[in-house]
2 protein chains.
Amino acid sequence: LVELRDLWKSYRKGSETIDAVAGIDLDLPERGMVAIVGPSGSGKSTLLHVIGAMDRPTRGSVRVAGRNLGDIPQGELTRFRREVVGFVFQTFNLIPNLTAVENVALPMEFSGVARAARASRAKALLERVDLGQRARHRPNELSGGEMQRVAIARALANEPPVVLADEPTGNLDSATGRLIYELLQAIARERTVVVVTHSEELARLADRVLHLRDGRLSNAAHDHSA
Amino acid sequence: LVELRDLWKSYRKGSETIDAVAGIDLDLPERGMVAIVGPSGSGKSTLLHVIGAMDRPTRGSVRVAGRNLGDIPQGELTRFRREVVGFVFQTFNLIPNLTAVENVALPMEFSGVARAARASRAKALLERVDLGQRARHRPNELSGGEMQRVAIARALANEPPVVLADEPTGNLDSATGRLIYELLQAIARERTVVVVTHSEELARLADRVLHLRDGRLSNAAHDHSA
Ligand SMILES: Nc1ncnc2c1ncn2[C@@H]1O[C@H](COP(=O)(O)OP(=O)(O)OP(=O)(O)O)[C@@H](O)[C@H]1O
Ligand SMILES: Nc1ncnc2c1ncn2[C@@H]1O[C@H](COP(=O)(O)OP(=O)(O)OP(=O)(O)O)[C@@H](O)[C@H]1O
Ligand SMILES: [Mg+2]
Ligand SMILES: [Mg+2]
């Protein structure tokens, strides 16, 4: 479903070049969960952003469901981001003046789902992440872990074929985190799920663990240091 | 150093009242590290915000170094926040258009530290969190874990007697996290450090672990589930 070929993403900073992603080849299957682990600053978020068409690669290609993202015009890319990819940002990125249920319903609004159906699906998603009782709270009336769970529910709103989750349980206690692991495992049965995580427990549940260090995949597949 | 008496913080939401903190009595010593653990939404951040004078309690009192925060006029409270308390926010709250080193130096600028001394101390603090090589990056040129480490360095800028850290390693891999644990342990030798954490490893290093559930401290002191 997702094919990366010689993928690079580099930033210029003064006279320096930082290769956040430095030559990655990778094939991700249509179903199942892949975990990406690696030190802080090793390129994990950058890689997810490029796969999810949030960032353009410096070199190399990203193909999703047979289409090369580099060839898709800007307008169509917006629809791709909305309907093919569900993204859980590391910094949540919730809309401040919308309630939790409105934040979760928003992707469905863009996709033309009728108002009543949007509201009931959004509420059901919040129940799934154990936040039904916070549906009418705005982001500044939620705790850090509650905001993270709203962000997870929103990423699942359009039932996208690809879910990219960046550190989805970093702000959760182990019991609440386990609820999210089980949810991600369940949805990975029918679609591609890629999680960046420092949680060894979540990495163990993945079908495959990729180790990123200085922008490159290492084959330290056996050492589970997350 | 810090004394809480019958402390409550409640929010009104429509017809509902949410008691984020529901009657807490607590004494914190002048030195040492205290960890607060508890489920997502249990009141940990709210408690830290009230101790750090970022939020006013609904009822009860907070005394720091013998002074009742409720009696301190607004203008003086700003100096208290700057010089007595170093705060690591769960959502980092870095100033977007300042570089990492400028963000770390900012609290010292308000306290009248000379420019050259500010710059060298800020740089040294960034080295301590292993980010010397990212000093000139703005927040949007940093990874999640790098932003978190800048926020930790900034909280230590004025060498405050009280350090309050809200989930300081939630976005860090275990190796980078360990660096921060050691740093917090070292600074806790000479001042009060309170950390909210879901990391069992960090909670084990604390002199005392407090368990918060639905805004109340429970005496499950021996069960280290973080
Ligand atoms: N302004 C507000 N209005 C209403 N409820 C609020 C407000 N701010 C926070 N809350 C609620 O208060 C409760 C405690 O929030 P707090 O941020 O202290 O939790 P926490 O223990 O830090 O959780 P986490 O581990 O998820 O960060 C939450 O359930 C939250 O929804
Ligand atoms: N706009 C930019 N300009 C320069 N460097 C950048 C920029 N954005 C990111 N970087 C650098 O690229 C590297 C990779 O960042 P990335 O966010 O992918 O790391 P990460 O593996 O997600 O780390 P973390 O676990 O801390 O979230 C970092 O060292 C970061 O400083
Ligand atoms: Mg990241
Ligand atoms: Mg919190």
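Order of the sequence lines sets the chain letters (A, B, ...), proteins ahead of strands, with each chain counted from 1.
Atoms OG1 and CG, from Thr197(B) and Asp173(A) in turn, are 11.0 Å apart once rounded to the nearest 0.5 Å.
Contacts of Ser40(A) with chain B are made by both backbone and side-chain atoms, with heavy-atom separations under 4.5 Å. Interface remark: Thr91(B) contributes side-chain atoms only to the contact with chain A (heavy atom separation under 4.5 Å). Glu146(B) touches chain A through backbone and side chain together, each having a heavy atom under 4.5 Å away. For Thr176(A), the part sitting under 4.5 Å from any heavy atom of chain B is the side chain, from C-beta outward, and nothing else.
Counting heavy atoms of neighbouring residues, nucleotides and ligands inside a 6.0 Å radius, atom CG of Asp214(B) does not exceed 12 of them. Other residues, nucleotides and ligands contribute more than 12 heavy atoms inside 6.0 Å of the CG atom of Asp25(A).
The closest donor-acceptor contact from the side chain of Lys44(A) to the backbone of Ser143(B) lies at 3.5 Å or more, if one exists at all.
Residue Asn171(B) comes nearest to Gln90(A) through the heavy atom pair OD1-NE2, 3.0 Å, listed as atom of the first residue, atom of the second, then distance.
Chain B forms the most heavy-atom pairs under 4.5 Å with one residue out of Asp166(A), Leu172(A), Leu131(A), Leu142(A), and that residue is Leu172(A).
If you run side-chain contact (heavy atoms from CB on, under 4.5 Å) between Ile18(B) and each of Glu141(A), Arg134(A), Gln133(A), only Arg134(A) comes through.
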